[in-house]
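The next block holds one structure in the form of structure tokens; read it before the comments.
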Amino acid sequence: MPPVIAFLSRMPPAYQRPYLDALRAALPGETIAPLADLSAAQRELAPMAIVANPDPADVAALPGLQWIQSLWAGVESLVAALPANSPPIMRLIDPEMSRTMAEAVLAWTYYLQRHMPRYARQQSHRVWQQQVYRKPSQTAVGLLGLGELGQAAAARLRDAGFAVSGWSRSPKAIDGIRTYAGDEGLDAMLCASDIVVSLMPLTPQTRGMLDVRRLGQMKPGAALINFSRGPIVVTDALVAALDRAHLSHAVLDVFDVEPLPVESSLWTHPCVTVLPHISAPTDHETAAQVIAANILDFRATGRIPGNVDRARGY
């Protein structure tokens, strides 16, 4: 029997259960158990851990750990919490998550392109007024971040007829997508976009990236969708840009503090749509299949997977 795989999470047991059930179904030859269920000998021998917001002390309780598999695509909290000499980290790369995120980006881009926020405000005031229709081809959408999620969203938008561009820190070439890179490229894309969509990882370099200066560079009347991480956008600067009507609307799925505190003014701001972090939820079954493939390859070859560059933060 191979050594036990540890499952480390601070999620409530009811939230852990579907993940554990899916992982056990995908790996019938493995024993996967929460840390509390492992004996001292099992903790000593566990070569890998599947984690979701783990307590760093629980990771340290596994002295034989060779690598860590995250249940999430975003790993900034995990990287920040673990010491620099911790085992390699493998973040979740699930095609289903990319599909779901691309679906969400397209849906909320349509929401803005078809003036849905304005019609909602008109309804609340019983105003009957048609807005001028703007074709997708006349709507410039700029994506911040061209990783797996960004590239899937760019392709979905392109296929729907939008004028799509994308920015990444280093140059990339994507068929049918105008790409930008570096600081100058970021400024140029922000100036040219009617809708800006943030899909970047949170790193020391991206924290606070959309600040007063960069929000001010956006087109007058442009809109923002943030499906990445809350701290990438400076909230006070965003609210100020909305209040002075430089920006028309913001769709926010992520925040500095989650759940969004009940006293936050974002809940009632007329130019903000608040979503409860639902743009691309992890799918239990497909995530389990992806993780199972990584583990089975490790068992067969001894290769230790790891795709997180701790220096970059993702």
Side-chain angles (χ1 to χ4, degrees), residues 5-34 48-54 67-79 89-111 143 145-157 159-160 197-202 225-230 251-255 258-259 273-299 305-308 314:
I5 298 171
F7 183 86
L8 309 180
S9 174
R10 284 183 280 196
M11 293 187 291
Y15 287 89
Q16 293 184 33
R17 196 167 301 117
Y19 289 104
L20 280 167
D21 290 347
L23 288 163
R24 288 164 177 163
L27 290 161
E30 300 281 350
T31 301
I32 305 170
M48 70 197 80
I50 301 169
V51 307
N53 188 30
W67 62 284
I68 298 167
Q69 172 68 64
S70 175
L71 262 177
W72 313 139
V75 293
E76 68 281 348
S77 297
L78 185 60
V79 169
I89 299 170
M90 185 76 181
R91 65 185 174 87
L92 181 66
I93 302 176
D94 184 356
E96 174 60 15
M97 181 175 288
S98 297
R99 187 203 65 79
T100 307
M101 178 62 83
E103 175 185 82
V105 170
L106 179 61
W108 292 98
T109 298
Y110 274 137
Y111 171 81
L143 292 163
L146 290 173
E148 291 86 0
L149 299 181
Q151 291 190 39
R156 194 72 177 269
L157 290 165
D159 293 347
V197 184
S198 177
L199 295 173
M200 297 183 293
L202 178 62
I225 298 173
N226 188 9
F227 284 172
S228 52
R229 289 292 184 264
V251 177
L252 305 178
D253 188 46
V254 288
F255 303 89
E258 295 183 12
T273 297
V274 171
L275 302 174
H277 206 138
I278 47 79
S279 55
T282 300
D283 182 279
H284 303 136
E285 283 72 26
T286 60
Q289 292 297 326
V290 170
I291 291 170
N294 293 337
I295 290 172
L296 292 173
D297 181 71
F298 170 72
R299 293 292 198 200
N307 64 2
V308 173
Y314 65 96

To check you understand the geometry: which heavy-atom pair defines the closest contact between [X] and [Y], and what is its length?
{"X": "Ala152", "Y": "Ala102", "value": "O-CB, 3.6 Å"}
{"X": "Leu149", "Y": "Met101", "value": "CD2-CB, 4.1 Å"}
{"X": "Ser70", "Y": "Leu78", "value": "CB-CD2, 4.2 Å"}
{"X": "Asn226", "Y": "Gly230", "value": "ND2-CA, 4.0 Å"}
{"X": "Glu258", "Y": "Phe255", "value": "OE2-N, 2.9 Å"}
{"X": "Thr100", "Y": "Ala280", "value": "CG2-CA, 3.9 Å"}

Any side-chain heavy atom of [X] sitting closer than 4.5 Å to one from [Y]?
{"X": "Leu157", "Y": "Leu143", "answer": "yes"}
{"X": "Trp108", "Y": "Leu275", "answer": "yes"}
{"X": "Leu199", "Y": "Phe227", "answer": "yes"}
{"X": "Val197", "Y": "Val251", "answer": "no"}
{"X": "Asp283", "Y": "Met97", "answer": "no"}
{"X": "Met90", "Y": "Asn294", "answer": "yes"}
{"X": "Leu20", "Y": "Pro34", "answer": "yes"}
{"X": "Val79", "Y": "Ile89", "answer": "yes"}

Spatial distance of atom [atom1] ([X]) from atom [atom2] ([Y]) [nearest 0.5 Å]:
{"X": "Asp253", "Y": "Ser198", "atom1": "CG", "atom2": "OG", "result": "11.5 Å"}
{"X": "Gln289", "Y": "Leu23", "atom1": "CD", "atom2": "CG", "result": "9.5 Å"}
{"X": "Leu71", "Y": "His284", "atom1": "CG", "atom2": "NE2", "result": "9.0 Å"}
{"X": "Leu106", "Y": "Arg156", "atom1": "CG", "atom2": "CZ", "result": "5.5 Å"}
{"X": "Ser77", "Y": "Leu202", "atom1": "OG", "atom2": "CG", "result": "7.5 Å"}
{"X": "Tyr19", "Y": "Glu285", "atom1": "OH", "atom2": "CD", "result": "10.0 Å"}

Strictly distance-based, threshold 3.5 Å: is any side-chain N or O of [X] a donor or acceptor partner for the main-chain N or O of [Y]?
{"X": "Asn53", "Y": "Ser9", "answer": "no"}
{"X": "Arg24", "Y": "Ile32", "answer": "yes"}
{"X": "Asn307", "Y": "Arg91", "answer": "yes"}
{"X": "Ser279", "Y": "Ala104", "answer": "no"}

Inset, instruction - Assess the side chains of Tyr111 and Thr273: does a donor N or O sit below 3.5 Å from an acceptor N or O? - result: yes
Inset, instruction - Could you walk me through whether Asp94 and Thr282 pass side chain to side chain contact (heavy atoms under 4.5 Å, CB included), step by step? - result: CA-CA 9 Å; Asp94 184 356; Thr282 300; 5.6 Å; no
Legend entry - With sequence neighbours excluded, residues passing ring pair (Phe, Tyr, Trp, His ring centres under 6.0 Å) with Tyr110: Phe162
Inset, instruction - Apply the test side chain to side chain contact (heavy atoms under 4.5 Å, CB included) to residues Ile50 and Ile5: give CA-CA distance (whole Å), side-chain angles for both, the deciding distance (0.1 Å), then the verdict. - result: CA-CA 7 Å; Ile50 301 169; Ile5 298 171; 4.0 Å; yes
Inset, instruction - Dump the intermediate steps for side chain to side chain contact (heavy atoms under 4.5 Å, CB included) on Ile295 and Met48, then the final yes or no. - result: CA-CA 9 Å; Ile295 290 172; Met48 70 197 80; 3.6 Å; yes
